[in-house]
Structures are given as structure tokens and as C-alpha cells.
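These notes concern the structure reproduced below.
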Amino acid sequence: MLDLRYIREHAAEVKANCEARRVPCDIDALLKLAAERAALITEVQEIQRQQNEVAKLTKQAKSDDERSKIIQQGRELKQLFESKNARADEIDSETKELLKGIPNLTHPDAPRGEENVTVREVGQRPRFDSKPLDHVAICDRLGLADFESAAKVTGSNFYYLKGDGVLLEQALINYALRTLVNEGFTPVTTPDLARASILEGTGYIPRGAETQIYTVANTDLCLIATAEITLAGMYADEIIEVDDLPIRLAGLSHCFRTEAGAAGRATKGLYRVHQFTKVEMFEFTTPDQSEATHQRMLAIEEKIFQGLEVPYRVIDTSISDMGGPAYRKYDLEAWMPGRGDAGEWGEVTSTSNCTDYQARRLGIRYKGKGFKGTRFVHMLNGTAIACGRAMIAVLENHQQSDGTVRVPAALVPFMGKEVIGKQG
RNA sequence: GGACGGGUGGCAGAGCGGCUGAUUGCACCGGUCUUGAAAACCGGAGUUCCCGAAAGGGAAUCGUGGGUUCAAAUCCCACCCCGUCCGCCA
């Protein structure tokens, strides 16, 4: 959510921003409504002032006669208040609705065009003597996953992991957590569910036809799409001492996505699934630190994939392609040799600087010396490891001609073996 | 799931229909004193919104949402949360 005052004072900028982001927003309508709201509030408050005055007069009344006259006056004011106030409430919630629909501002250097920008490509793509297998075939051959049983039990786009598949996932989680702890993050396991209001605060939309979110019947709980939601929610309505910032959390959770509208798009195997496990970086910071923090998160993501010996490229996401809360977003796309005819890039991480957009909705502020009152924190998130997709990258890049998979050195201590698919 | 008790400002903790945006203590900020600090004393201070160029004025806010009343932190209802006891249970 943006500050209404900011929108009023920078209407042209906000309009241009919405346009560039391809988010249809009627700023003029919003401002008109907001003006109407202000006028109504003034009116309502004047009535309330009179009500307060009348209430005071009541107890000062000298005779019963005078008293009942004043009370009658109070009754009339009350009726007037009720009718005016109902309208004011209506306009107020309409204003908030419109306000919620306006996306965050964007970093001046973020790509503006239709296309995302590849910032750099890192690592050598592996060479294979024959056509490499895709991860589904590798999983089948080595007994790492079972998609057929999952289809019976939960339907399409679920999976069981088995054998070394389980060990590989756990190794990836522990490798990511260890890396983040070394970077000063506090590991946190979070609930896999959250209230709809928390989802909304983070910018997710729990209801509606296009929603990516599962809801739990007869409750106001949703299955989370990422630990970003629960980590952000931890500090909802809190005021943080500036000396306690930054707060760096490494969240471990399951993630659930309905993938509505994704039918037919790369749905095979582990790439697009309804449930996966993810280690997520999350940071609350002061505004002056958020850009540096964003760069650092990106660097950590790169370090993790370098450790996995997986070639990747860094994508600076076009603002026409970013989610509403993001001010700037980088993705890592890993090389997946088994995808398509000759390998393809596949998104494996994403890091966003959401500035104060989520903080304003969730009421997360900080206070400190040198300034009066409180300010909104900046909030950033980034994927450390999304298990399914990281597994694809590892399995497809490190497959060997004998059908086994080499475990990258960084994972060996966590995996307890150097090769997947060999006895022992 | 059942029975109680409770949710008040940054924290602690009074108030239990009008004089209370709220006593008090701690913490906080400014000042006096001091070589400096501590102590003591004096003063200041919540948040959001509306009007206003500003000075300033006004409204709301005592878990959340409704209700009763001329008037509610205080009474009633629903919900959420937090304690304690009982039952059930990995």
C-alpha cells in the first residue's frame, strides 16, 4: 500500500508508474473519492463535536425541563450522525480498496520494457555425450520420487520423495540453513498456515478466481504460498527498536500453490507442484539499508548455486512483470539440461525489495533516536532454496553417463555420500 | 471440547456510566545542579485522521466488531487472543 498523501502529492508519478507496470489504476478516481471522504469526515466530526458539547450540557442542566430539551437535541444529533457516518464509512472502505490495488513504486534502474534483462551468466553448462535425461527420468531410474502414487492420493502435481530423493532434499535444506546462519540469519520454522488478513497484508490475494492460495474450509486460514507470509506476519503491528534492526530470518516452511491457470505449462515432475519445501531469506531493515540488503540477498543466492555447481543467470525483472509489492526483483534461473529439446533456463530463486509497501499494510514500524515518532521498516525476501526446483537443477546438471548423479562437494557433508544411485 | 479469570498508553498497573485520553510507577526526551556521571528537582511527550499556509483547532482511539444511552474504558452481545483448572490427545 502506498501512502495516500504521497499519491496526492505525486499523482503524475504514480500514474506513470502504474502504467509502466501494466496495472490499470484510476488515480483520478481515487483522489476524487479521497477528497469526498475528507469532506464527509469533516462534516461527521463537526456533528460529533456538537454531540460532545450536548452531552456536557446535560449534566449541567438546572431543571428537568431544560434537561429533557437538551436530551432531545442529543437524540437528533445522534440520528444525523448515524446517517452521515454510514456514508463516510462506505466511502472510506471504497478508498481503501482502490488504494490496495495500487502497486508499489519502482526502482529507477529496474527495466521498463516488455523484456526482462539478463544481468550476467555464471558457470559452465555441462557437456554430455548423449542427450541428457530430464529429472523425471532420473528420479524414475534411481527411485528418488514417485509421481504415480501421488496422482492417486492427491491428484496431479504432487509427489512422493523416496530414498536418496529424501536425503537430497534434506541436504539442500541443511546446506541452505547452514549458509544463512553463517550470514547472520536466524533460522525459523513457521506455521504452514496463516490468516487471510496476513496474506492480504503481504500482498497476496486469498480469494477470487485467479488466486494461487488454498484456503481451509470453515476457518479464515490459508495454506501459505511462501514463508514470506508468516515471517512478515511475525512482526505485524509491532514497533521495533532501531537498534534491533536489521532482523534477518531464514524461514523453513512448506509452500502451497494452486497453480490456477497454469495447466499445460511445464507441469511435468517437480517443476510446477502444489506443495514444496523452501528455505526463505527475510529481512526487516531501515530504508537506507534496503538496497544494499537486496544486493546482498542476491549475492547469497548466487553463492548457494555456485556451491551447487549449477550454471545460472541473473535476471533483473521488468517492472511490467513484477508483483504489486515489489520495488525491484531479481530472479536466478538455473540451467536445466533435461528441459525441452536442448535444455532450458528455469527459475529457481527470486528476491524482492518491497520497501515499505508491506510494512504499511501490516503496521510494522521502527523507532529510534534522532527522529520523532515511528517510521515504516523496509521488508525484503529472497529464496535460498526452493527444494523441488533446486533438485531438478542438481540432478540434471550432475547426471553421469553411467546413470548415477554426482553430489556436488558442498552437499556431500549434508548428504553423507558422493554419488546418488550407487550402492552404499 | 468444558469451567473460570483476564486483555487499558513503550512497559508495569489504577479506573468500572458523565469531572478520565485516562491516577501512579518505571523507561524516554529537554532543562537546572555537577569537573563529568549518578541522585534530586522542574518541564515535555502516544497514535491515526480532519480543517488550516502556519500558529492552532477538532475528531477518533482503553483486544476487534456490533448494541444500549443525550453520554461508555466502564453496561449488553458476538468474535479473537492470553492465563488457570478439567477432559482428550501426537
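Throughout, protein chains are lettered first and strands after them, A, B, ... in sequence-line order, and every chain is numbered starting at 1. These numbers come from the heavy atoms of this one structure, side chains and all, not from hydrogens, waters or symmetry mates.
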Practice task
Mind running a 4.0 Å heavy-atom check of residues 230-240 of chain A against RNA chain B and sending the residues that fall below it, in number order?
Solution key: none

Problem - Lys NZ or Arg CZ of A/R389 over A/Y271 ring: under 6.0 Å, within 45° - result: yes

Fill in the blank from the handout: In whole angstroms, the gap separating P of B/U48 from CZ of A/R375 amounts to 13 Å

Handout entry: Any A/N52 side-chain nitrogen or oxygen under 4.0 Å from OP1 or OP2 of B/G58
Key = no

Fill in the blank from the handout: A/Q51 atom CD is separated from B/C70 atom P, nearest whole Å, by 11 Å

Problem - Set of residues satisfying side chain to side chain donor-acceptor pair (under 3.5 Å) with respect to A/Q79, sequence neighbours excluded - result: none

Problem - Gap between atoms CG and C1', on A/D92 and B/A60 respectively (whole Å) - result: 12 Å

Exercise for the section: Please determine, for B/A59, whether a Watson-Crick or G-U wobble partner exists with both distances under 3.5 Å, and give it or none. Expected result: B/U48

Fill in the blank from the handout: What residues 66-85 of chain A contributes to the RNA chain B interface at heavy-atom separation below 4.0 Å is A/R67, A/I71, A/G74, A/R75, A/K78

Practice task
Please name all residues satisfying side chain to side chain donor-acceptor pair (under 3.5 Å) with A/E228, sequence neighbours left out, ordered by chain then number.
Solution key: A/Y204, A/Q358, A/N381

Handout entry: Interatomic distance, A/Y366 OH vs B/G10 C1' [rounded to whole Å]
Key = 18 Å

Practice task
Identify, residue by residue, the members of residues 189-199 of chain A with a heavy atom below 4.0 Å from RNA chain B, and return them in order of residue number, or none.
Solution key: A/R195

Set out, line by line, the N/O atom pairs under 3.5 Å between protein and nucleotides 49-51 of chain B.
residue: B/C50; atom: O2'; partner: A/T42; partner atom: OG1; Å: 2.4

Problem - Rounded distance in Å - CD (A/E241) to P (B/A27) - result: 15 Å

